[in-house]
Protein chains: 2
Amino acid sequence: MTLDREQVLRSAAALLTRKSTATMDEVARAAGIGRATLHRHFAGRDALVGALEDLGIREFEAALDSAALDDGAAEEGLRRLIAAVEPSAGLLSFLVTENQLFEGDDVNEGWSRLDARVSAFFRRGQERGEFRIDLTPAWLTEALYGLIGSCAWSVQTGRVAAQDFPYMIVELLLGGARRSVEK
Amino acid sequence: MTLDREQVLRSAAALLTRKSTATMDEVARAAGIGRATLHRHFAGRDALVGALEDLGIREFEAALDSAALDDGAAEEGLRRLIAAVEPSAGLLSFLVTENQLFEGDDVNEGWSRLDARVSAFFRRGQERGEFRIDLTPAWLTEALYGLIGSCAWSVQTGRVAAQDFPYMIVELLLGGARRSVEK
DNA sequence: CCCATATGAGACACGAACGTCCCACTCCGC
DNA sequence: GCGGAGTGGGACGTTCGTGTCTCATATGGG
């Protein structure tokens with residue numbers, strides 16, 4: 001008994017990553033519990049998505065912390081970040097898509113905090129001459145999210161090998177963001 | 001009278017780009033027509049999305065044609081493609097997202113045809129030594145779609161100036177795909 | 001062993017969106 | 001001016017997901 005809330009969230013994340021329109025019933029069955037029990041722990045779909053948001057924010061924040069973005073070259077920091085964020089990629093891309101559906105009323109303030117950290121990282125990289133200055137930090141941040149989502153999707157559909165996930169993202173994003181010599 | 005089917009599709013695309021969950025009623029009002037009339041021209045939501053798919057495929061295909069990808073350097077071809085695809089960016093990113101919701105049963109064959117063209121373009125660029133060979137054509141194709149979507153979204157939320165749309169995408173994607181000298 | 005707590009299954013009402021239909025109105029061609 | 005086609009508004013039934021509730025069952029601690 002005594003349901004493992006964390007495990008339910010994990011399976012919900014795994015399911016919603018694949019099928020973002022999954023029913024509460026499907027979420028419950030995927031977690032191996034009854035729909036009633038699911039409702040007992042999460043007031044409704046909004047509450048469930050909210051809990052997933054908190055989870056995703058925590059994971060992303062942890063990845064940011066563990067990446068120690070400011071240690072050494074910015075390029076290496078970014079590589080560590082991508083590697084650290086890989087396990088959460090599916091969940092994060094689901095949450096990004098979910099957020100886009102909102103009418104911008106009440107967005108979880110956690111996202112703005114994370115956006116600010118990522119954006120600030122790119123800006124520092126620019127100031128240190130490691131990143132191109134003609135691509136704005138805000139755009140690099142959004143592009144990072146987009147590439148994470150695209151790559152997670154490509155892995156899911158078999159277009160990209162799972163083991164290549166970090167490499168594909170880092171090489172594509174970094175190649176563009178890195179100051180190249182002929183510029 | 002005699003409803004302009006094309007115009008209805010345009011306004012539906014514009015609305016669904018911003019709010020992909022918009023109701024048939026909202027779509028109708030956005031087009032300035034009644035819900036009944038909308039249903040007379042499109043059997044249902046599926047038919048409407050299907051018509052939008054055809055429209056998006058036509059536009060993307062036209063962009064591919066007009067870009068003349070094989071004329072001159074691959075880089076220039078890509079620049080022309082991005083510029084040509086800009087007006088359709090919102091619609092295309094909506095359709096890509098929409099397609100991901102499908103359980104992969106019956107996808108419009110148009111997409112595979114377009115995927116093949118884009119993918120082949122990247123492959124030729126690789127063979128001619130203009131693109132890196134460690135990033136697969138399939139991934140470059142998906143990344144292109146993802147960046148188009150991210151940039152369209154960034155423009156909509158004001159994070160990226162509309163006039164910078166082609167530049168931001170091309171520079172980021174190309175920088176990564178382009179063989180850089182220090183490699 | 002017994003009881004409290006949590007669960008699963010199902011029933012129920014509610015709301016949203018859909019798809020269909022009808023009716024009055026308007027606009028156009030004849 | 002007249003008739004018909006096209007349109008808008010609204011009503012209706014249906015479906016689907018949601019949220020709440022009840023009840024029987026199982027599990028685990030005292």
With a 4.0 Å cut-off, would you call B:Glu171 and B:Arg79 a salt bridge?
-> yes
Nearest 0.5 Å, what's the CG-CH2 distance between A:Leu144 and A:Trp139?
-> 11.0 Å
Spacing of B:Tyr167 atom OH and B:Cys151 atom SG [to the nearest 0.5 Å] | 12.5 Å
note: B:Phe42, atom CZ; C:dC18, atom P; distance rounded to Å ~ 15 Å
Spacing of A:Leu48 atom CG relative to D:dG17 atom P, expressed in whole Å | 16 Å
Would you tabulate the nitrogen or oxygen pairs shorter than 3.5 Å linking the protein to nucleotides 19-22 of chain C?
unit_1 : atom_1 : unit_2  : atom_2 : d
C:dG19 : OP2    : B:His39 : NE2    : 3.3
C:dG19 : OP2    : B:Arg45 : N      : 3.2
C:dG19 : N7     : B:Arg35 : NH1    : 3.1
C:dG19 : O6     : B:Arg35 : NH2    : 2.9

Exercise answer: donor-acceptor pairs, residues 84-92 of chain A side-chain atoms, under 3.5 Å, sequence neighbours excluded:
unit_1  : atom_1 : unit_2  : atom_2 : d
A:Ser88 : OG     : A:Glu59 : OE1    : 2.6

Do the side-chain N or O atoms of A:His41 get closer than 4.0 angstrom to the phosphate oxygens (OP1, OP2) of C:dA6?
-> no
Side-chain ion pair, A:Arg117 and A:Asp65, N-O less than 4.0 Å | yes
With rounding to the nearest 0.5 Å, note down the distance linking CD in B:Glu76 to CG in B:Leu174.
-> 8.5 Å
Expressed in angstrom and rounded to an integer, what is the separation of B:Glu26 atom CD from C:dA17 atom P?
-> 7 Å
Quickly work out the B:Ile33 CD1 to C:dT26 C1' distance and round it to whole Å.
-> 17 Å
